[in-house]
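Remarks on the structure that follows.
Below, chain A is the first sequence line, B the second, and so on; all start at residue 1.
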Protein chains: 2
Amino acid sequence: MVNEARKELVFRRGEVMSREGEPIKSFMYLREGLVKLYKTNIHGKDQILSINIPGDFINLLSIFSTSAYKYSITALEETKVCEVNLDVIKKLVNSNSKFSLRLLNRISYISDEVIQNHFEINQKQVKGRVAYFLLFLADHIYKSHTYRMPVTRREVGELISMTTENTIRTLSEFRKDEIIGMDGKTISILDYERLVNIGRTG
Amino acid sequence: MVNEARKELVFRRGEVMSREGEPIKSFMYLREGLVKLYKTNIHGKDQILSINIPGDFINLLSIFSTSAYKYSITALEETKVCEVNLDVIKKLVNSNSKFSLRLLNRISYISDEVIQNHFEINQKQVKGRVAYFLLFLADHIYKSHTYRMPVTRREVGELISMTTENTIRTLSEFRKDEIIGMDGKTISILDYERLVNIGRTG
DNA sequence: TACAAAATATGACAAATATCATATCGATAA
DNA sequence: TTATCGATATGATATTTGTCATATTTTGTA
(Lines give C-alpha, C1' and ligand atoms only; values in the text may rest on other atoms or scores of the structure.)
Protein backbone atom coordinates (compact mmCIF):
# COMPACT_ATOMS: atom_id res chain seq x y z
CA MET A 1 0.00 0.00 0.00
CA VAL A 2 2.69 2.46 0.97
CA ASN A 3 4.88 1.26 -1.88
CA GLU A 4 2.27 2.22 -4.45
CA ALA A 5 1.78 5.68 -2.96
CA ARG A 6 5.49 6.36 -2.88
CA LYS A 7 6.99 9.04 -5.06
CA GLU A 8 10.64 10.04 -5.53
CA LEU A 9 11.45 13.74 -5.80
CA VAL A 10 14.71 15.53 -6.45
CA PHE A 11 15.45 19.12 -5.40
CA ARG A 12 18.39 21.27 -6.39
CA ARG A 13 20.42 23.42 -4.01
CA GLY A 14 18.42 26.45 -2.91
CA GLU A 15 15.05 25.03 -4.00
CA VAL A 16 12.18 25.61 -1.60
CA MET A 17 10.61 22.23 -0.92
CA SER A 18 7.66 23.50 1.10
CA ARG A 19 6.61 26.83 2.42
CA GLU A 20 5.28 27.98 5.80
CA GLY A 21 1.49 28.27 5.65
CA GLU A 22 1.03 26.00 2.64
CA PRO A 23 -1.20 22.93 2.97
CA ILE A 24 0.56 19.67 3.79
CA LYS A 25 -0.16 16.95 1.29
CA SER A 26 2.47 14.38 1.94
CA PHE A 27 4.82 12.77 4.35
CA MET A 28 8.47 13.44 3.44
CA TYR A 29 11.36 11.10 4.09
CA LEU A 30 14.82 12.50 3.35
CA ARG A 31 16.73 9.91 1.35
CA GLU A 32 19.77 11.90 0.23
CA GLY A 33 21.10 15.41 0.77
CA LEU A 34 20.67 18.12 3.37
CA VAL A 35 17.82 20.53 4.14
CA LYS A 36 17.06 23.41 6.49
CA LEU A 37 13.79 23.93 8.38
CA TYR A 38 13.06 27.59 9.11
CA LYS A 39 10.47 30.16 10.04
CA THR A 40 10.27 33.61 8.48
CA ASN A 41 9.24 36.47 10.77
CA ILE A 42 7.20 39.57 9.95
CA HIS A 43 10.35 41.53 9.07
CA GLY A 44 11.30 38.88 6.53
CA LYS A 45 14.12 37.48 8.60
CA ASP A 46 14.57 33.73 8.82
CA GLN A 47 15.20 31.70 11.93
CA ILE A 48 16.45 28.16 11.33
CA LEU A 49 14.89 25.41 13.50
CA SER A 50 17.17 22.63 12.41
CA ILE A 51 19.31 21.12 9.69
CA ASN A 52 18.20 17.66 8.66
CA ILE A 53 20.03 14.68 7.24
CA PRO A 54 19.11 11.47 5.40
CA GLY A 55 16.83 9.25 7.45
CA ASP A 56 14.87 12.17 8.86
CA PHE A 57 11.13 12.67 8.44
CA ILE A 58 11.51 16.31 7.60
CA ASN A 59 7.92 17.49 7.93
CA LEU A 60 6.84 15.30 10.82
CA LEU A 61 6.61 18.21 13.27
CA SER A 62 3.95 19.88 11.12
CA ILE A 63 1.96 16.94 9.79
CA PHE A 64 -0.29 16.09 12.69
CA SER A 65 -0.68 19.45 14.36
CA THR A 66 -2.44 21.27 11.58
CA SER A 67 -3.12 21.10 7.88
CA ALA A 68 -0.60 23.87 7.16
CA TYR A 69 3.17 23.96 7.41
CA LYS A 70 4.54 25.66 10.51
CA TYR A 71 7.90 26.21 8.83
CA SER A 72 9.51 26.23 5.40
CA ILE A 73 11.93 23.66 4.03
CA THR A 74 14.74 24.41 1.58
CA ALA A 75 17.37 22.09 0.12
CA LEU A 76 20.94 23.01 1.08
CA GLU A 77 22.35 20.70 -1.58
CA GLU A 78 21.08 18.23 -4.19
CA THR A 79 18.42 16.40 -2.22
CA LYS A 80 16.30 13.29 -2.81
CA VAL A 81 13.04 12.87 -0.98
CA CYS A 82 10.61 10.00 -0.76
CA GLU A 83 7.06 11.31 -0.57
CA VAL A 84 4.01 9.38 0.62
CA ASN A 85 0.52 10.78 0.35
CA LEU A 86 -0.67 12.00 3.75
CA ASP A 87 -3.99 10.12 3.56
CA VAL A 88 -2.09 6.88 3.20
CA ILE A 89 -0.10 7.66 6.32
CA LYS A 90 -3.22 8.53 8.27
CA LYS A 91 -4.82 5.25 7.22
CA LEU A 92 -1.72 3.48 8.37
CA VAL A 93 -2.00 5.14 11.79
CA ASN A 94 -5.54 3.82 11.96
CA SER A 95 -4.66 0.27 11.06
CA ASN A 96 -1.19 -0.24 12.48
CA SER A 97 -0.63 0.57 16.14
CA LYS A 98 3.07 -0.29 16.03
CA PHE A 99 3.48 2.34 13.36
CA SER A 100 1.62 4.87 15.53
CA LEU A 101 3.84 4.22 18.48
CA ARG A 102 6.93 4.64 16.34
CA LEU A 103 5.61 7.96 15.06
CA LEU A 104 4.89 9.09 18.61
CA ASN A 105 8.44 8.19 19.61
CA ARG A 106 9.88 9.96 16.62
CA ILE A 107 7.87 13.18 17.02
CA SER A 108 8.79 13.39 20.69
CA TYR A 109 12.42 12.83 19.90
CA ILE A 110 12.49 15.50 17.18
CA SER A 111 10.73 18.15 19.21
CA ASP A 112 12.94 17.40 22.21
CA GLU A 113 15.96 17.90 20.00
CA VAL A 114 14.80 21.23 18.58
CA ILE A 115 13.90 22.55 22.02
CA GLN A 116 17.10 21.29 23.62
CA ASN A 117 19.28 22.79 20.87
CA HIS A 118 17.70 26.19 21.17
CA PHE A 119 17.95 26.13 24.96
CA GLU A 120 21.62 25.26 24.76
CA ILE A 121 22.35 27.97 22.21
CA ASN A 122 20.36 30.45 24.23
CA GLN A 123 22.58 30.10 27.26
CA LYS A 124 25.83 30.56 25.35
CA GLN A 125 27.54 33.69 24.13
CA VAL A 126 28.71 34.26 20.56
CA LYS A 127 31.91 32.22 20.75
CA GLY A 128 30.16 29.33 22.43
CA ARG A 129 27.43 29.39 19.80
CA VAL A 130 29.78 29.31 16.85
CA ALA A 131 31.82 26.55 18.48
CA TYR A 132 28.63 24.58 19.08
CA PHE A 133 27.67 24.88 15.43
CA LEU A 134 31.13 23.91 14.11
CA LEU A 135 31.10 20.86 16.37
CA PHE A 136 27.56 20.01 15.30
CA LEU A 137 28.72 19.84 11.67
CA ALA A 138 31.85 17.89 12.58
CA ASP A 139 30.22 15.40 14.94
CA HIS A 140 26.70 14.95 13.58
CA ILE A 141 26.67 15.88 9.93
CA TYR A 142 30.05 15.11 8.41
CA LYS A 143 31.74 12.94 11.08
CA SER A 144 35.02 14.58 10.15
CA HIS A 145 37.17 17.45 11.39
CA THR A 146 37.38 18.86 7.88
CA TYR A 147 34.31 19.74 5.86
CA ARG A 148 32.73 22.25 3.55
CA MET A 149 30.05 24.31 5.32
CA PRO A 150 26.68 23.71 3.64
CA VAL A 151 25.39 27.15 4.56
CA THR A 152 26.36 30.81 4.31
CA ARG A 153 27.56 32.82 7.31
CA ARG A 154 24.17 34.50 7.33
CA GLU A 155 22.44 31.12 7.67
CA VAL A 156 24.78 30.14 10.48
CA GLY A 157 23.62 33.30 12.24
CA GLU A 158 19.99 32.40 11.58
CA LEU A 159 20.54 29.05 13.28
CA ILE A 160 22.43 30.26 16.34
CA SER A 161 20.69 33.65 16.78
CA MET A 162 23.50 36.00 15.85
CA THR A 163 24.08 38.73 13.28
CA THR A 164 25.99 37.83 10.13
CA GLU A 165 28.79 40.24 11.08
CA ASN A 166 29.37 38.67 14.47
CA THR A 167 29.29 35.20 12.96
CA ILE A 168 31.99 36.17 10.46
CA ARG A 169 34.00 38.01 13.11
CA THR A 170 33.95 35.03 15.48
CA LEU A 171 35.03 32.61 12.76
CA SER A 172 37.91 34.97 11.86
CA GLU A 173 38.89 35.08 15.50
CA PHE A 174 38.95 31.27 15.73
CA ARG A 175 41.20 31.23 12.69
CA LYS A 176 43.55 33.83 14.15
CA ASP A 177 43.72 31.82 17.36
CA GLU A 178 44.48 28.73 15.24
CA ILE A 179 41.50 26.83 16.58
CA ILE A 180 40.24 26.28 13.05
CA GLY A 181 41.58 26.57 9.54
CA MET A 182 39.29 28.31 7.09
CA ASP A 183 39.35 28.72 3.32
CA GLY A 184 36.03 30.07 2.12
CA LYS A 185 33.45 27.51 3.15
CA THR A 186 36.01 24.84 3.95
CA ILE A 187 36.61 24.42 7.66
CA SER A 188 39.14 22.25 9.38
CA ILE A 189 39.12 21.95 13.13
CA LEU A 190 42.73 22.23 14.30
CA ASP A 191 42.20 22.27 18.06
CA TYR A 192 39.16 20.12 18.78
CA GLU A 193 39.61 20.12 22.55
CA ARG A 194 39.74 23.89 22.74
CA LEU A 195 36.63 24.18 20.58
CA VAL A 196 34.78 21.72 22.81
CA ASN A 197 35.79 23.79 25.80
CA ILE A 198 34.58 27.04 24.24
CA GLY A 199 31.34 25.28 23.29
CA ARG A 200 30.79 24.22 26.88
CA THR A 201 31.72 27.36 28.77
CA GLY A 202 31.04 30.36 26.57
CA MET B 1 -9.83 0.13 31.92
CA VAL B 2 -8.50 3.64 32.14
CA ASN B 3 -10.95 4.45 34.90
CA GLU B 4 -9.56 1.72 37.12
CA ALA B 5 -5.96 2.84 36.57
CA ARG B 6 -6.77 6.44 37.36
CA LYS B 7 -5.37 8.14 40.42
CA GLU B 8 -5.98 11.65 41.78
CA LEU B 9 -3.03 13.55 43.17
CA VAL B 10 -2.80 16.94 44.86
CA PHE B 11 0.32 19.10 44.95
CA ARG B 12 0.93 22.23 46.99
CA ARG B 13 2.50 25.39 45.66
CA GLY B 14 6.21 24.91 45.10
CA GLU B 15 6.06 21.13 45.16
CA VAL B 16 8.16 19.36 42.54
CA MET B 17 5.86 16.99 40.69
CA SER B 18 8.54 15.31 38.59
CA ARG B 19 12.20 15.83 38.06
CA GLU B 20 14.38 15.92 34.95
CA GLY B 21 16.10 12.58 34.47
CA GLU B 22 13.67 10.59 36.65
CA PRO B 23 11.84 7.62 35.10
CA ILE B 24 8.37 8.32 33.77
CA LYS B 25 5.74 6.06 35.29
CA SER B 26 2.51 7.75 34.44
CA PHE B 27 0.58 9.97 32.12
CA MET B 28 -0.42 13.24 33.82
CA TYR B 29 -3.54 15.22 33.09
CA LEU B 30 -3.78 18.63 34.79
CA ARG B 31 -7.24 18.95 36.31
CA GLU B 32 -6.84 22.05 38.44
CA GLY B 33 -4.09 24.56 39.12
CA LEU B 34 -1.01 25.80 37.31
CA VAL B 35 2.42 24.27 36.72
CA LYS B 36 5.73 25.18 35.17
CA LEU B 37 7.85 22.92 32.94
CA TYR B 38 11.57 23.69 33.11
CA LYS B 39 15.08 22.48 32.47
CA THR B 40 17.97 23.07 34.84
CA ASN B 41 21.36 23.72 33.26
CA ILE B 42 24.81 22.72 34.49
CA HIS B 43 25.18 25.98 36.44
CA GLY B 44 21.95 25.25 38.29
CA LYS B 45 19.95 27.89 36.46
CA ASP B 46 16.44 27.06 35.32
CA GLN B 47 14.94 27.78 31.93
CA ILE B 48 11.17 27.55 31.77
CA LEU B 49 9.69 25.78 28.71
CA SER B 50 6.08 26.61 29.37
CA ILE B 51 3.39 27.31 31.91
CA ASN B 52 0.52 24.85 31.75
CA ILE B 53 -3.15 25.09 32.62
CA PRO B 54 -6.02 22.69 33.34
CA GLY B 55 -6.74 20.44 30.39
CA ASP B 56 -3.07 20.03 29.49
CA PHE B 57 -1.24 16.71 29.36
CA ILE B 58 1.75 18.05 31.21
CA ASN B 59 4.28 15.32 30.59
CA LEU B 60 3.26 14.38 27.06
CA LEU B 61 6.43 15.82 25.50
CA SER B 62 8.58 13.43 27.51
CA ILE B 63 6.49 10.28 27.59
CA PHE B 64 7.14 8.77 24.20
CA SER B 65 10.63 10.01 23.50
CA THR B 66 12.43 8.27 26.28
CA SER B 67 11.86 6.59 29.58
CA ALA B 68 13.22 9.60 31.49
CA TYR B 69 11.88 13.10 31.97
CA LYS B 70 13.42 15.74 29.72
CA TYR B 71 12.30 18.50 32.07
CA SER B 72 11.06 19.04 35.61
CA ILE B 73 7.53 19.99 36.64
CA THR B 74 6.65 22.13 39.66
CA ALA B 75 3.26 23.31 40.89
CA LEU B 76 2.85 27.10 40.86
CA GLU B 77 -0.28 26.90 42.99
CA GLU B 78 -2.47 24.21 44.57
CA THR B 79 -2.72 21.69 41.76
CA LYS B 80 -4.78 18.57 41.08
CA VAL B 81 -3.55 15.98 38.66
CA CYS B 82 -5.13 12.87 37.24
CA GLU B 83 -2.53 10.17 36.78
CA VAL B 84 -2.84 7.10 34.59
CA ASN B 85 -0.26 4.34 34.60
CA LEU B 86 1.92 4.59 31.51
CA ASP B 87 1.51 0.93 30.58
CA VAL B 88 -2.22 1.43 30.37
CA ILE B 89 -1.71 4.35 27.99
CA LYS B 90 0.66 2.35 25.83
CA LYS B 91 -1.84 -0.49 25.63
CA LEU B 92 -4.46 2.03 24.61
CA VAL B 93 -2.24 3.25 21.79
CA ASN B 94 -1.98 -0.35 20.64
CA SER B 95 -5.68 -0.99 20.68
CA ASN B 96 -7.26 2.33 19.82
CA SER B 97 -6.11 4.10 16.68
CA LYS B 98 -8.35 7.13 17.21
CA PHE B 99 -6.64 7.67 20.53
CA SER B 100 -3.23 7.42 18.85
CA LEU B 101 -4.16 10.00 16.28
CA ARG B 102 -5.38 12.36 18.97
CA LEU B 103 -2.12 11.94 20.84
CA LEU B 104 -0.15 12.63 17.67
CA ASN B 105 -2.16 15.80 17.11
CA ARG B 106 -1.69 16.89 20.69
CA ILE B 107 2.06 16.26 20.82
CA SER B 108 2.56 18.15 17.57
CA TYR B 109 0.49 21.03 18.82
CA ILE B 110 2.36 21.28 22.12
CA SER B 111 5.81 21.12 20.61
CA ASP B 112 4.82 23.67 17.96
CA GLU B 113 3.69 25.97 20.73
CA VAL B 114 6.87 25.67 22.77
CA ILE B 115 9.06 26.22 19.71
CA GLN B 116 6.95 29.11 18.43
CA ASN B 117 6.95 30.85 21.82
CA HIS B 118 10.68 30.65 22.18
CA PHE B 119 11.24 31.87 18.63
CA GLU B 120 8.98 34.85 19.24
CA ILE B 121 10.67 35.75 22.51
CA ASN B 122 14.06 35.32 20.93
CA GLN B 123 13.45 38.02 18.35
CA LYS B 124 12.22 40.58 20.87
CA GLN B 125 14.14 42.88 23.16
CA VAL B 126 13.55 43.17 26.90
CA LYS B 127 10.47 45.40 26.73
CA GLY B 128 8.88 43.28 24.04
CA ARG B 129 9.51 40.15 26.05
CA VAL B 130 7.97 41.45 29.25
CA ALA B 131 4.99 42.81 27.30
CA TYR B 132 4.59 39.42 25.63
CA PHE B 133 4.53 37.68 28.99
CA LEU B 134 2.07 40.10 30.59
CA LEU B 135 -0.25 39.65 27.61
CA PHE B 136 0.17 35.88 27.77
CA LEU B 137 -1.10 35.89 31.35
CA ALA B 138 -3.94 38.29 30.51
CA ASP B 139 -5.09 36.59 27.33
CA HIS B 140 -4.36 32.91 27.87
CA ILE B 141 -4.20 32.21 31.57
CA TYR B 142 -6.51 34.61 33.38
CA LYS B 143 -8.63 36.10 30.56
CA SER B 144 -8.61 39.39 32.47
CA HIS B 145 -6.64 42.62 32.46
CA THR B 146 -6.12 42.36 36.20
CA TYR B 147 -4.48 39.36 37.80
CA ARG B 148 -2.04 38.15 40.38
CA MET B 149 1.19 36.90 38.81
CA PRO B 150 1.66 33.21 39.63
CA VAL B 151 5.45 33.46 39.46
CA THR B 152 8.32 35.50 40.88
CA ARG B 153 10.22 38.06 38.79
CA ARG B 154 13.06 35.58 38.64
CA GLU B 155 10.77 32.98 37.10
CA VAL B 156 9.49 35.52 34.60
CA GLY B 157 13.10 36.02 33.58
CA GLU B 158 13.62 32.26 33.32
CA LEU B 159 10.70 32.06 30.91
CA ILE B 160 11.62 35.00 28.67
CA SER B 161 15.42 34.69 28.88
CA MET B 162 16.26 37.78 30.91
CA THR B 163 18.02 38.54 34.17
CA THR B 164 15.87 39.11 37.25
CA GLU B 165 17.10 42.72 37.51
CA ASN B 166 16.10 43.60 33.99
CA THR B 167 12.73 41.96 34.44
CA ILE B 168 12.07 44.06 37.55
CA ARG B 169 13.41 47.22 35.90
CA THR B 170 11.22 46.77 32.84
CA LEU B 171 8.11 46.19 34.93
CA SER B 172 8.91 49.35 36.94
CA GLU B 173 9.32 51.27 33.70
CA PHE B 174 5.92 50.08 32.46
CA ARG B 175 4.41 51.30 35.71
CA LYS B 176 6.12 54.69 35.46
CA ASP B 177 4.83 55.00 31.90
CA GLU B 178 1.35 54.09 33.18
CA ILE B 179 1.08 51.10 30.88
CA ILE B 180 0.42 48.84 33.85
CA GLY B 181 -0.52 49.21 37.47
CA MET B 182 1.48 47.09 39.87
CA ASP B 183 1.15 46.25 43.53
CA GLY B 184 3.42 43.39 44.47
CA LYS B 185 2.34 40.49 42.32
CA THR B 186 -0.93 42.10 41.30
CA ILE B 187 -0.84 43.48 37.78
CA SER B 188 -3.48 45.52 36.01
CA ILE B 189 -3.03 46.37 32.39
CA LEU B 190 -3.96 50.05 32.00
CA ASP B 191 -3.03 50.59 28.36
CA TYR B 192 -3.64 47.32 26.57
CA GLU B 193 -3.11 48.74 23.07
CA ARG B 194 0.28 50.16 23.95
CA LEU B 195 1.35 46.89 25.54
CA VAL B 196 0.29 44.98 22.43
CA ASN B 197 2.30 47.40 20.34
CA ILE B 198 5.40 46.98 22.49
CA GLY B 199 4.92 43.22 22.33
CA ARG B 200 4.84 43.31 18.54
CA THR B 201 7.65 45.73 17.78
CA GLY B 202 10.22 45.55 20.56
C1' DT C 1 5.85 37.84 67.19
C1' DA C 2 10.32 37.91 65.54
C1' DC C 3 13.82 36.41 62.68
C1' DA C 4 15.91 34.77 58.47
C1' DA C 5 15.67 34.17 53.81
C1' DA C 6 13.88 35.31 49.61
C1' DA C 7 11.95 38.74 46.61
C1' DT C 8 11.70 43.34 44.96
C1' DA C 9 13.98 47.57 43.75
C1' DT C 10 17.39 50.79 41.79
C1' DG C 11 21.82 52.88 40.53
C1' DA C 12 26.44 52.71 38.52
C1' DC C 13 29.19 50.50 35.60
C1' DA C 14 31.06 46.78 32.58
C1' DA C 15 30.53 43.64 28.98
C1' DA C 16 28.37 41.85 25.05
C1' DT C 17 26.22 42.52 20.89
C1' DA C 18 24.15 45.09 17.11
C1' DT C 19 24.46 48.60 13.71
C1' DC C 20 26.47 51.19 10.14
C1' DA C 21 29.99 52.10 6.91
C1' DT C 22 32.98 50.50 3.59
C1' DA C 23 35.90 47.28 0.91
C1' DT C 24 37.03 43.11 -1.48
C1' DC C 25 35.99 38.78 -3.44
C1' DG C 26 33.35 35.48 -6.05
C1' DA C 27 29.58 33.53 -8.45
C1' DT C 28 25.97 34.07 -11.78
C1' DA C 29 23.49 35.89 -15.56
C1' DA C 30 22.77 39.06 -19.58
C1' DT D 1 33.12 39.16 -20.82
C1' DT D 2 31.58 42.16 -17.92
C1' DA D 3 28.23 43.93 -14.84
C1' DT D 4 25.74 42.99 -10.78
C1' DC D 5 24.50 41.05 -6.65
C1' DG D 6 25.39 38.47 -2.73
C1' DA D 7 28.88 36.82 0.44
C1' DT D 8 32.83 37.64 3.17
C1' DA D 9 35.51 40.79 5.87
C1' DT D 10 36.69 44.38 9.31
C1' DG D 11 36.64 48.78 11.86
C1' DA D 12 34.22 52.33 14.54
C1' DT D 13 30.54 53.31 17.24
C1' DA D 14 25.98 52.95 19.46
C1' DT D 15 22.83 50.26 21.91
C1' DT D 16 21.42 46.72 24.72
C1' DT D 17 21.93 43.80 28.35
C1' DG D 18 24.32 41.84 32.27
C1' DT D 19 26.82 42.36 36.64
C1' DC D 20 27.68 44.03 41.08
C1' DA D 21 26.50 46.61 45.02
C1' DT D 22 23.24 47.84 48.24
C1' DA D 23 18.47 48.88 50.28
C1' DT D 24 14.00 47.85 51.30
C1' DT D 25 10.05 44.96 51.51
C1' DT D 26 7.68 40.69 51.84
C1' DT D 27 7.09 35.98 53.12
C1' DG D 28 7.50 31.80 55.52
C1' DT D 29 8.44 29.72 59.68
C1' DA D 30 10.39 28.80 64.39
Proximity of A/Tyr38 and A/Tyr71 rings by center, below 6.0 Å: no
Salt-bridge criterion met for A/Lys127 and A/Glu173 (N-O under 4.0 Å): yes
So for atom NZ, which belongs to A/Lys45, do other residues, nucleotides or ligands contribute more than 12 heavy atoms lying within a distance under 6.0 Å? no
Taking only the side-chain nitrogens and oxygens of B/Arg13, find out if one of them lies under 4.0 Å from OP1 or OP2 of D/dG28. yes
Tell me, please, the opening and closing nucleotides of DNA chain C, 5' to 3', among those with an atom under 4.0 angstrom from a non-hydrogen atom of chain B. C/dA7 to C/dA12
Considering non-hydrogen atoms only, spot the tightest contact between B/Ile24 and B/Leu86 and give its length. O-CD2, 3.7 Å
Within a strict 4.5 Å, meaning less than it, do heavy atoms of the B/Ile73 and B/Asn59 side chains meet? yes
Whole-Å distance between D/dT8 P and A/Ile187 CD1? 10 Å
For B/Lys185 and D/dT26, is the shortest distance between a side-chain N/O and OP1 or OP2 below 4.0 Å? no
For the pair made of CD in B/Glu165 and C1' in D/dA23, what is the distance, rounded to whole Å? 14 Å
Please work out if B/Arg129 contacts a base, only the sugar-phosphate, or nothing of the nucleic acid, heavy-atom cut-off 4.0 Å. nothing
Taking only side-chain N and O atoms of B/Asn166, does any of them lie within less than 4.0 angstrom of OP1 or OP2 on D/dT17? no
Measure the distance from CG on B/Asp183 to P on D/dT25 and round it to the nearest whole Å. 13 Å
Okay, side chain of A/Thr66, backbone of A/Ala68: is any donor-acceptor separation there less than 3.5 Å? yes
Considering all heavy atoms, the nearest A/Arg200-A/Lys124 contact: O-NZ, 4.2 Å
With a 4.0 Å heavy-atom cut-off, tell me which residues in residues 144-163 of chain A come close to DNA chain D, sorted by residue number. A/Thr152, A/Arg153, A/Arg154
Take B/Arg169 and B/Thr164, find for each the nucleotide of DNA chain C with the closest heavy atom, and name the residue whose nucleotide sits nearer the 5' end. B/Thr164
Distance-minimising heavy-atom pair for A/Asp87 and A/Asn85: N-OD1, 2.9 Å
Pair B/Arg12 + B/Glu78, salt bridge at N-O below 4.0 Å: no
Rounding to an integer number of Å, can you tell me how far A/Leu171 CG sits from D/dT10 C1'? 14 Å
Rounded interatomic separation in angstrom, taking CD1 from B/Ile168 and C1' from D/dT19: 14 Å
